[in-house]
Chemist: 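Just passing along the structure, written as structure tokens.
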Amino acid sequence: MSRGNGQDHETRFERARRAMVTDQIARRGVRDPNVLRAMSRVPRERFVPPDSVDFAYDDRPLPIGHGQTISQPYVVALMTEALELGPGDRVLEIGTGSGYAAAVLAECAREVDTIERHEGLAASARARLAELGYANVRVRVGDGTLGWPEAAPFDAIVATAGGPTVPRALLAQLAVGGRLVMPVGAMKNAQTLVRVVRTFDDRFEEDDLGGVAFVPLIGAQGWEA
Ligand code: SAH
């Protein structure tokens with residue numbers, strides 16, 4: 001196949017994306033059709049640095065600058081599925097990074113508010129999401145461990161960085177019936193993926209979705225910088 005024009009590149013990435021959904025995500029047990037559809041729509045090659053586009057559909061995280069990473073595709077799918085999103089839901093994401101997970105969430109929910117502590121990452125994610133037409137995503141610079149109180153409550157909250165505990169502020173901003181998914185652990189670079197469901201105003205049920213390795217969540221209710 002010839003290469004070098006936009007059309008061929010499009011085809012190459014779309015094929016890689018289809019293989020990613022089948023081989024890395026569906027094969028490992030992700031079933032939610034909305035999540036599989038979202039993963040097959042979001043152009044991951046647009047969220048990685050230019051010199052990494054050839055690896056955009058690899059089964060691993062990739063560096064995005066500032067010592068941060070775009071998460072492994074399977075982990076994004078697993079976390080999104082665990083949020084059990086419906087089309088009317090409002091979602092808060094902590095750790096915008098490249099904006100990739102925000103785009104996946106935006107495909108599955110009504111609105112996504114996402115917070116990033118690195119101004120540079122937030123600015124490029126914002127530009128990229130706008131270019132791709134994700135009008136239902138708002139990116140804010142700040143400490144996501146404090147949530148986004150003016151926009152609360154949220155039907156779903158996801159943190160894509162790992163903290164020592166689930167921030168109290170995030171639990172307080174979860175709607176009754178809402179789901180929170182986040183990596184939690186006593187070490188800075190290895191965590192357990194935890195899901196918390198707010199079953200009543202004063203009741204939170206927690207389950208464990210397995211081991212993960214995220215970058216640290218740094219902030220007032222996370223790790224110290
Ligand atoms: N969801 C991202 C993954 C980014 S990695 C993606 O799809 O690309 C985690 C991100 O969390 C990093 O960009 C890091 O800067 C950010 N982060 C860490 N602590 C944070 C905090 N307290 N508030 C907001 N962002 C935070």
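Everything numeric here is computed off the predicted structure, so don't read it as measured data. Counting starts at 1 for both ligands and their atoms, following the listed order.
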Chemist: Indicate, as side chain, backbone, both or neither, the part of V215 found under 4.0 angstrom from ligand 1 when only non-hydrogen atoms are considered.
Modeler: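 For V215, only side-chain atoms sit under 4.0 Å from ligand 1.
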Chemist: Of all the atoms in ligand 1, which lie at a distance below 4.0 Å from a heavy atom belonging to H118?
Modeler: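 Near H118, meaning under 4.0 Å from one of its heavy atoms, ligand 1 has 15 (O).
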Chemist: Quick check on the hydrophobic clustering: are L83 and L174 connected, directly or via other members, by side-chain heavy-atom contacts under 4.5 Å?
Modeler: no
Chemist: Show, in sequence, the C-alpha distance, side-chain angles and deciding distance for R117 and V141, and conclude whether the side chain to side chain contact (heavy atoms under 4.5 Å, CB included) test is met.
Modeler: CA-CA 5 Å; R117 64 188 287 273; V141 179; over 6 Å; no
Chemist: To the nearest 0.5 Å, what is the distance between CD (E93) and CH2 (W148)?
Modeler: 11.0 Å
Chemist: Between H66 and ligand 1, find which residue part has any heavy-atom pair under 4.0 Å and reply side chain, backbone, both or neither.
Modeler: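 No part of H66 comes within reach of ligand 1.
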Chemist: List every atom of ligand 1 that sits less than 4.0 Å from any heavy atom of G142, numbering the atoms from 1 in the order shown and giving each element.
Modeler: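 Near G142, the atoms of ligand 1 are 23 (N), 24 (C).
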Chemist: Taking the cut-offs as 6.0 angstrom to the six-membered ring centre and 45 degrees off its axis, would you call R28 and Y74 a cation-pi pair?
Modeler: yes
Chemist: Can you confirm whether R168 is buried at CZ, in the sense that more than 12 heavy atoms of other residues, nucleotides or ligands lie under 6.0 Å from that atom?
Modeler: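 No, the 6.0 Å shell around CZ holds no more than 12 heavy atoms from other groups.
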Chemist: What's the shortest distance from atom 9 (C) of ligand 1 to any protein heavy atom, and which residue and atom give it?
Modeler: T160 O, 3.3 Å
Chemist: Closer than 4.0 Å to some heavy atom of S98 - which atoms of ligand 1 meet that?
Modeler: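 Once the distances to S98 are compared, the set is 6 (C), 7 (O), 8 (O).
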Chemist: Have a look at L170 and tell me which of L146, L180, V158 forms a side-chain contact (heavy atoms from CB on, under 4.5 Å) with it.
Modeler: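 Result for side-chain contact (heavy atoms from CB on, under 4.5 Å) with L170: L180.
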Chemist: Report, in ascending order of atom number, the atoms of ligand 1 lying under 4.0 Å from any heavy atom of G144.
Modeler: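 Those qualifying, in numeric order: 21 (C), 22 (N), 23 (N), 24 (C).
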Chemist: Check each heavy atom of A102 against ligand 1 and say whether those closer than 4.0 Å belong to the side chain, the backbone, both or neither.
Modeler: neither
Chemist: Going by heavy-atom distance to atom 7 (O) of ligand 1, choose the closest among A220, G222, G162, A101.
Modeler: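 Checking each option, the heavy atom nearest atom 7 (O) of ligand 1 is found in A101.
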Chemist: Should you measure from each heavy atom of I115, which atoms of ligand 1 turn up under 4.0 Å away?
Modeler: 24 (C), 25 (N)
Chemist: Side chain or backbone of E116 under 4.0 Å from ligand 1, or both, or neither, by non-hydrogen atoms?
Modeler: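 Both the backbone and the side chain of E116 come within reach of ligand 1.
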Chemist: Membership question, hydrophobic clusters at under 4.5 Å side-chain separation (ILVMFWY): are V181 and L171 in the same one?
Modeler: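 Unlinked, L171 and V181 end up in two clusters.
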Chemist: Using heavy-atom distances only, which candidate in S71, G95, G97 approaches atom 1 (N) of ligand 1 most closely?
Modeler: G95
Chemist: Applying side-chain contact (heavy atoms from CB on, under 4.5 Å) between L217 and each of D143, T145, T165, report the one that passes.
Modeler: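 When side-chain contact (heavy atoms from CB on, under 4.5 Å) is applied between L217 and each of D143, T145, T165, only T145 qualifies.
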Chemist: Is the ring pair Y57/F13 parallel, tilted or perpendicular, if the boundaries are 30 and 60 degrees?
Modeler: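 Tilted.
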Chemist: Going hydrophobic residue to hydrophobic residue with side-chain gaps under 4.5 angstrom, can you get from Y134 over to I64?
Modeler: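 Yes, Y134 and I64 fall within the same hydrophobic cluster.
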Chemist: Considering distance alone, does some N or O of I218 sit under 3.5 Å from an N or O of ligand 1?
Modeler: yes
Chemist: Using a 4.0 Å cutoff against the non-hydrogen atoms of E93, which atoms of ligand 1 qualify?
Modeler: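 Answer for ligand 1: 1 (N).
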Chemist: For the residue pair T96 / E116, report whether a side-chain donor-acceptor contact shorter than 3.5 Å exists.
Modeler: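 Short answer, no.
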Chemist: Considering non-hydrogen atoms only, spot the tightest contact between R128 and S98 and give its length.
Modeler: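 Looking at all heavy atoms of both residues, the closest pair is NH1-O, 2.8 Å.
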Chemist: Which bit of R117 is near ligand 1, meaning a heavy atom under 4.0 Å away: side chain, backbone, both or neither?
Modeler: both
Chemist: Which one of V42, L105, T69 has a non-hydrogen atom at the shortest distance from atom 5 (S) of ligand 1?
Modeler: T69
Chemist: Give a yes or no on whether E119 atom CD has more than 12 heavy-atom contacts from other residues, nucleotides or ligands under 6.0 Å away.
Modeler: no
Chemist: Does T114 have a non-hydrogen atom less than 4.0 Å from ligand 1?
Modeler: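 No, T114 has no heavy atoms under 4.0 Å from ligand 1.
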Chemist: Please list, in number order, the atoms of ligand 1 under 4.0 Å from a heavy atom of D143.
Modeler: 22 (N), 23 (N)
Chemist: Note the single closest protein heavy atom to atom 12 (C) of ligand 1, along with its residue, its atom name and the distance in Å.
Modeler: Q68 OE1, 3.2 Å
Chemist: Go through ligand 1 atom by atom and flag the ones less than 4.0 Å from a non-hydrogen atom of P216.
Modeler: 18 (C), 19 (N)
Chemist: Should A159 be listed as contacting ligand 1, given a heavy-atom distance under 4.0 Å as the test?
Modeler: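 No heavy atom of A159 comes that close to ligand 1.
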Chemist: So, 4.0 Å and heavy atoms of A125: is ligand 1 close enough to count as a contact?
Modeler: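 Heavy atoms of A125 never come under 4.0 Å of ligand 1.
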